[in-house]
Amino acid sequence: MYLLLAAHADGAALQELTAGGAPHPDAATPRVISAAELPGVVRQLEKRRPRWIWHRTQDWYPSLLAAGVELERCYDLTLCGAILAHSEFTAHTSYARNAEKLTLDDELQQPPQALLPPPPPADQDALFDDPGFRRAPRHTPEELREEFAAQQAALGDAGAAIPADNRQQRLQLLLAAESAGAMIAAEMQRTGVPWREELHEQILFDYLGPRPPQGHRPAKLEALNGALRQLLHSPALNPDSPQELMRALHRNGIEVKSTRQWELKESTHPAIEPLLEYKKLSRLHAANGWTWLDAWVKDGRFQPEYVVGGVVSGRWASRGGGALQIPRQIRGAVHADPGHKLIVADASQLEPRVLVALAQDSKMAEAARDKDLYAGIAAQGFGGDRAKAKVALLGAIYGATTGESGRLMPQLARTYPRAVGFVEQAAREGEAGRTVTTRLGRSSPPPSEGWLRSQQSATAEEQRRADSLARSRGRFTRNFVVQGSAADWAACWLAELRRRLRAMRTDGLPAGELVFFLHDEVMVHCPQDAVADCIVAIEGAANAAKELLFGRIPVEFPVSVAVVDSYDKAK
DNA sequence: CTTCCCAGCGCG
DNA sequence: AAAGCGCGCTGGGAAG
């Protein structure tokens, strides 16, 4: 059952559609529902387990959640439209050809915000107090219905070219997973990561000293700054200025081309150690210090905004608070509530395993049967040297050309011609200006106009520049197929896990809540007596994701699970 | 004063 | 050990 929810001047318009996107015979015209009665109506209709169709999940779902209405599944027209408009699986359809003049405005990205406190938790009326909501709806119900019908038609044609390839099922799975991801993002933002402010403050005190007045350096940084000024004979030095710092280093005979950590480490000058310490602490203070704590943690929860579809590869991005960059230093502040545990689960070595499955490299699959894939590869082709094997494989996925990683490539290619050939092929597609596609059908963006123009350059100098741009794009497409297919896997893992956790709740069992997701890692906050069942759900979902993407293949996707009180104890 | 870009570094 | 992919955020600094 498909139910379209569209904005309406008086609240919402609701219409039942067929799977193809036509109005259901019993619902020729949409039903208008006032804002006040919407949550109740939606709650009632949810009992029939519909798929809710809407322009953007983030416009509807947060307010429904705030009103206490949780839904099972949806279809996000914006996210799905973006996939269908660019996917190679639908490139031959009129939907893709008309993508330039999409009926929907694709404002996936909102203007970037400065560091602002997170919005207060929405209450039941928030949706309807929002002046944006009271504006004339951007799309009529009929426009949204037609958009859904067009997307369904494109999906229906996805398998036409190569039916045996299951392209239609794969793309359908991707659309469902992406829409589920949008719901999970809204739910996780509402729930938030359990964050103990007093533990965070203790960490800051230990590293930096007491909280300084606004705009001042903490004591430890001030002391390091004093030492640096002496050691570098620069009494007014501000080490936060790369230019000043560079000049001071040069004055003291430290000939670096940048002030990056790894380059500074080359020097043995006595100022280097305090300088690196200063940089580390200064970063903590600026990015995750007291100001961050004030702005982002409230009532024991960190509630970041996730941006589903924010990365071309299908990974999520985030907005505000740097949610996907929580440094190890402060992970001790992420702490389970009393009587609860954090389950931190991580798909080990996900990208190499995805490469094995994509390339169907049976030799590498033998190595991937081991819990430690790098050790398996080391045994097969690198004389047992695990570090070498890891650098070589990651280099193949990233497109390393120089350094140890680049030198190891021929050795890797000899042992695993299929796996290496797969990423090499993806690189060649990109260099030639073509697009590449993930397992489930998300395609890389086409090259820009400027890139295409650069490839027709005349002079030798221009040609060198063009070749460099081509190789750069090749590294991007090389990585895209692996990173993007790993994101496909992770989206299915997450959606499957949500389904299983919801089932536990429906069965009246104690169940955990998803509170964090980071590319190949999930965190579940969970009552102690639900831990065992949650782990079963996490592992079952991982296996389900593998079979959804690749069928029954002899490649393991092991999940490493840690049950901890605080995040720093995981890994 | 605001706006934009860069260098640097955090995460995977 | 080295600098190959994808992001967001900060402070500095130049430009308007």
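By convention in this document, chain letters (A, B, ...) are assigned in the order of the sequence lines, proteins followed by strands, and residues within each chain are numbered from 1. Note that these values count all heavy atoms, side chains included, but never hydrogens, waters or copies made by symmetry.
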Original post:
Using a cut-off of 4.0 Å between protein heavy atoms and nucleotide atoms, how would you tag nucleotides 11-16 of chain C 5' to 3' with B, S and -?
Top reply: -SSS--

**OP:** Pick base, sugar-phosphate or nothing for A:Val482, based on heavy-atom distances below 4.0 Å to the nucleic acid.
**Re:** nothing

Original post:
Starting at CZ of A:Phe516 and ending at C1' of B:dC11, how long is that distance when rounded to a whole Å?
Top reply: 9 Å

**OP:** Give one of base, sugar-phosphate or nothing for A:Ile326, where a contact means two heavy atoms less than 4.0 Å apart.
**Re:** sugar-phosphate

Original post:
At under 4.0 Å between heavy atoms, what does A:Gln261 touch on the DNA or RNA strands: base, sugar-phosphate, or nothing?
Top reply: sugar-phosphate

**OP:** Determine whether A:Asp240 and A:Arg217 make a side-chain contact, defined as any pair of heavy atoms from C-beta on separated by less than 4.5 Å.
**Re:** yes

Original post:
Backbone N or O of A:Arg464 within a donor-acceptor pair of the A:Ser468 side chain at under 3.5 Å?
Top reply: no

Original post:
How is A:Lys571 classified with respect to the nucleic acid when contacts are heavy atoms under 4.0 Å: base, sugar-phosphate, or nothing?
Top reply: sugar-phosphate

**OP:** Give the rounded distance in Å between these two atoms: NZ of A:Lys257 and C1' of C:dA2.
**Re:** 13 Å

**OP:** Measure the spacing between CD of A:Gln349 and OG of A:Ser560 and express it to the nearest 0.5 Å.
**Re:** 9.5 Å

Original post:
CZ of A:Arg407 versus C1' of C:dG4: gap in Å, rounded?
Top reply: 14 Å

Subject >> Short side-chain N/O contact to B:dA7 OP1/OP2 from A:Ser258, under 4.0 Å >> reply: no

Subject >> Length of the line joining A:Lys279:NZ and B:dG10:C1', which is rounded to integer Å >> reply: 13 Å

Subject >> Beyond-backbone contact of A:Trp489 with A:Arg439, side-chain heavy atoms, under 4.5 angstrom >> reply: no

Original post:
So which nucleotide from C:dC5, B:dG8, C:dA2 ends up closest to the side chain of A:Glu266?
Top reply: C:dA2

**OP:** Quick one: label A:Arg328 by what it contacts on the DNA or RNA (base, sugar-phosphate, nothing), any heavy atom closer than 4.0 Å.
**Re:** sugar-phosphate

Subject >> Distance, rounded to the nearest Å, where A:Trp316 contributes CH2 and C:dG8 contributes P >> reply: 15 Å

Original post:
Checking all strands, does A:Arg473 fall into the base, sugar-phosphate, or nothing category for heavy-atom contacts under 4.0 angstrom?
Top reply: nothing

Original post:
What about A:Arg319, does its side chain sit under 3.5 Å from the base of C:dG8 through a donor-acceptor pair?
Top reply: no

**OP:** For the residue pair A:Phe557 and A:Phe550, categorise the inter-ring angle as parallel (less than 30°), tilted (30 to 60°) or perpendicular (more than 60°).
**Re:** parallel

Subject >> Separation of atom CG in A:Leu394 from atom C1' in C:dA1, rounded to whole Å >> reply: 13 Å

Original post:
Do the ring planes of A:Trp292 and A:Trp195 sit parallel (below 30°), tilted (30 to 60°) or perpendicular (above 60°)?
Top reply: tilted

Subject >> Distance, rounded to the nearest Å, where A:Asp346 contributes CG and B:dG12 contributes C1' >> reply: 10 Å

Original post:
Partner of C:dC5 by Watson-Crick or G-U wobble geometry, both contacts under 3.5 Å, or none?
Top reply: B:dG12

Original post:
Among the nucleotides C:dG8, C:dC5, B:dG12, which one has an atom lying closest to any side-chain atom of A:Leu518?
Top reply: B:dG12

Original post:
To the side chain of A:Gln483, which of B:dC9, C:dG6, B:dC11 is closest?
Top reply: C:dG6

**OP:** Determine whether A:Leu355 and A:Asp361 make a side-chain contact, defined as any pair of heavy atoms from C-beta on separated by less than 4.5 Å.
**Re:** no

Original post:
To the nearest angstrom, how far is A:Leu408 atom CG from C:dA1 atom C1'?
Top reply: 11 Å

**OP:** For A:Ser318 and for A:Asn479, locate the closest nucleotide of DNA chain C by heavy-atom distance; then report the residue assigned to the nucleotide nearer the 5' terminus.
**Re:** A:Asn479

**OP:** Using a heavy-atom cut-off of under 4.0 Å over every strand shown, decide if A:Arg475 touches base, sugar-phosphate, or nothing.
**Re:** sugar-phosphate

Original post:
Would you say the side chains of A:Asp467 and A:Gln463 form a donor-acceptor pair under 3.5 Å?
Top reply: yes

Subject >> Closest listed nucleotide, where the reference is the side chain of A:Arg283 and the choices are B:dG8, B:dG12, C:dG4 >> reply: B:dG8

**OP:** Select one nucleotide: of C:dA3, C:dG8, B:dG10, the one nearest the side-chain heavy atoms of A:Trp262.
**Re:** C:dA3

Original post:
Any side-chain N or O of A:Ser313 under 4.0 Å from OP1/OP2 of C:dG6?
Top reply: no

Original post:
A:Gln325 side chain: which of C:dG8, C:dG4, C:dC5 is closest?
Top reply: C:dG8

Original post:
What does A:Ser282 touch in the nucleic acid at a heavy-atom separation under 4.0 angstrom: a base, only the sugar-phosphate, or nothing?
Top reply: nothing

Subject >> Side-chain touch A:Glu539/A:Ile535, heavy atoms, less than 4.5 angstrom >> reply: yes

